[in-house]
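Below: the structure, in structure tokens.
Quick note on labels: first sequence line is chain A, next is B, and so on, each numbered from 1.
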Number of protein chains: 2
Amino acid sequence: MTKQKILVVDDEESLCEILKFNLEIAGFEVDTTFSAEKALKLSIKDYDLILLDIMMGKMSGIQMAQILKSKMETADIPIIFCTAKDTENDTIAGFNIGADDYITKPFSVREVIARVKSVLRRTSTDSNEKISVEYEKLKVDLIRKRCILDGEKVSLTKKEMEILILFLKNRGVIFSREDILRRIWKDDVVVLDRTIDVNITRLRKKIGKYGSHIVTRLGYGYGFEE
Amino acid sequence: MTKQKILVVDDEESLCEILKFNLEIAGFEVDTTFSAEKALKLSIKDYDLILLDIMMGKMSGIQMAQILKSKMETADIPIIFCTAKDTENDTIAGFNIGADDYITKPFSVREVIARVKSVLRRTSTDSNEKISVEYEKLKVDLIRKRCILDGEKVSLTKKEMEILILFLKNRGVIFSREDILRRIWKDDVVVLDRTIDVNITRLRKKIGKYGSHIVTRLGYGYGFEE
DNA sequence: TTAAAATGTAACATAATTGTAATACCTAAG
DNA sequence: CTTAGGTATTACAATTATGTTACATTTTAA
């Protein structure tokens, strides 16, 4: 089995070294960069997890995370934020980025490794390779390209299915209309925001009682809540 | 002739060791892993056969098999399932994965080796053993390259036959036109997507009542549904 | 070589989907 | 309790995807 790759992005060089040293002992392959700008020049999609400092030079970790989450090929890479103080946790929550975890400085190396392993365990199964994604009695079979609700087949259109998959894979995450457009409509066509609303409405109707799990966050966008 | 490679996936480590030891004596090269997740990280296409436990941790052998069958580069690797009890055989049948064989625990090592050799003999290219793929009264004789519907011979063209075989071997799986082109037309010629549609139409017509089992998933592609 | 079969393509028919606009409705901030 | 700025819903139009047929081209077999 090939090692899992971790990218550490932090402007404190010494901290990076410590993390690298210890994570490597724990069996990971580790690269480090000292700024978001440099990190973005790497082939980020090759990493299995990113440890990201929130407070850095010009570009904040938050900004970098938003960029990563907005791109198809990096959107599913788990990110663990490192925050200087507790108060910054609100910031993370407020930005509604798909933060997979966060950890408050100062932290023990042992703690970081535990978090890393936990997140990787959590995300490795429900990533690309899964054949279905489900919530209770609502299931999307990714190979058969169909949706099953209470054991009954529900006929979803491609767009509806893609939205549902996105939401089920990222429960709790609120996606802005812009996010959704980038990830489902891609860059090729330009459609109005209203179009998303209509597709959401149609999807809600088709998935019956689970329709109410697709929530609207006024001014932000949509997401799936448990 | 280079040794044939076998992958054993079972969460019982001791059983893996026993199988590995004996299969190696029998002249095979053997790797073992203890979970489906780990197995999927290996370069599975390098193996000639997979011995797969059905009951494992998070991901079941069934799920793993479905994943393998859905990917072009691993779809044709024979799989022998190991089931704990007889009753699980129904499960295999129910899932309609292209199970090449199954074997019930507890089993003798001699038995396993016999099955492995038998399956490899059957699936290796220079074999003459009769093998067919069928669904109810629709059958394709892979050796004679013939299709039999309700006992009557149906004359299919090569392309029609190949599509039908692909679908019957992977029931439930939806193949995109791109998939179908890669697997049946290969890289040699470039044809339009419309060509596939036309061949699907012809095939549907020829296989009578089973024609409706070839389903269209708008925006995704075609597949065979039970 | 020729006829039959197989295959690919174009053109059109049909069906499903997606997008838009208009309108009704809701929500949060004053 | 208003109001302004979202959001939901509906019906319809536009677009896109697929089905079908006829025919052109290629291959096969005698």
Test: A:Arg182 and A:Glu178 ion pair at under 4.0 Å:
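Salt bridge present between A:Arg182 and A:Glu178.
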
Answer yes or no: is there an ion pair linking B:Glu225 with B:Arg217, defined by an N-O contact shorter than 4.0 Å?
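Salt bridge: yes.
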
Heavy-atom nearest nucleotide on DNA chain C for A:Asp193 versus B:Ser155: which residue maps closer to 5'?
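On the 5' side of the pair lies B:Ser155.
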
Let me know, please, whether B:Thr157 or B:Arg194 comes out on the 5' side of the other along DNA chain C by nearest nucleotide.
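This one resolves to B:Thr157.
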
So which one's nearest nucleotide on DNA chain D is more toward 5', B:Leu218 or A:Val198?
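Checking each residue's closest nucleotide, the 5'-ward one belongs to A:Val198.
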
Let's see if you get this right: which residues in residues 205-217 of chain B place a heavy atom under 4.0 Å from DNA chain C?
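Residues of residues 205-217 of chain B under 4.0 Å from DNA chain C: none.
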
So, does [X] use its side chain to make a donor-acceptor pair with the main chain of [Y] at under 3.5 Å?
X	Y	result
B:Tyr210	B:Lys137	yes
B:Asp48	B:Lys5	yes
B:Arg146	B:Lys153	no
A:Asp10	A:Glu12	yes
A:Lys158	B:Gly219	yes

For DNA chain D, note the earliest and the latest nucleotide, 5' to 3', having some atom under 4.0 Å of a heavy atom belonging to chain B.
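Boundary nucleotides touching chain B, in 5' to 3' order, are D:dA17 to D:dA22.
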
When we call it a touch if two heavy atoms are under 4.0 Å apart, what does A:Arg204 touch: a base, just sugar-phosphate, or nothing?
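Counting heavy atoms under 4.0 Å across all strands, the contact made by A:Arg204 is with sugar-phosphate only.
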
Are [X] and [Y] packed together at the side-chain level, in the sense that at least one heavy-atom pair is separated by less than 4.5 angstrom?
X	Y	answer
A:Ile163	A:Ile200	yes
B:Met64	B:Ile44	yes
A:Phe224	A:Leu166	no
A:Lys206	A:Leu149	no
A:Tyr222	A:Ile196	yes

For [X] and [N], give me the distance from atom [atom1] to atom [atom2], rounded to whole Å.
X	N	atom1	atom2	answer
B:Asp197	C:dG8	CG	P	13 Å
A:Ile180	C:dT18	CD1	P	15 Å
B:Tyr220	C:dA16	OH	C1'	14 Å
A:Glu160	C:dG19	CD	P	11 Å
B:Leu156	C:dT7	CG	C1'	14 Å
A:Ile184	C:dT17	CD1	P	16 Å
A:Leu203	C:dT17	CG	P	14 Å
A:Arg202	C:dT18	CZ	C1'	6 Å

Under 4.0 Å: is that the gap between some side-chain N or O of [X] and OP1 or OP2 of [N]?
X	N	answer
B:Trp185	C:dT7	no
A:Thr195	C:dT20	yes
A:Asn199	C:dT18	no

Out of C:dA10, C:dT18, C:dG8, which nucleotide sits closest to the side chain of A:Lys159?
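When the side chain of A:Lys159 is considered, C:dT18 is the closest of C:dA10, C:dT18, C:dG8.
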
Rounding to 10 degrees, work out the angle separating the end axes of the helix from C:dT1-D:dA30 to C:dG30-D:dC1 (five pairs an end).
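Between the axes fitted at each end of the helix from C:dT1-D:dA30 to C:dG30-D:dC1 lies an angle of 40°.
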
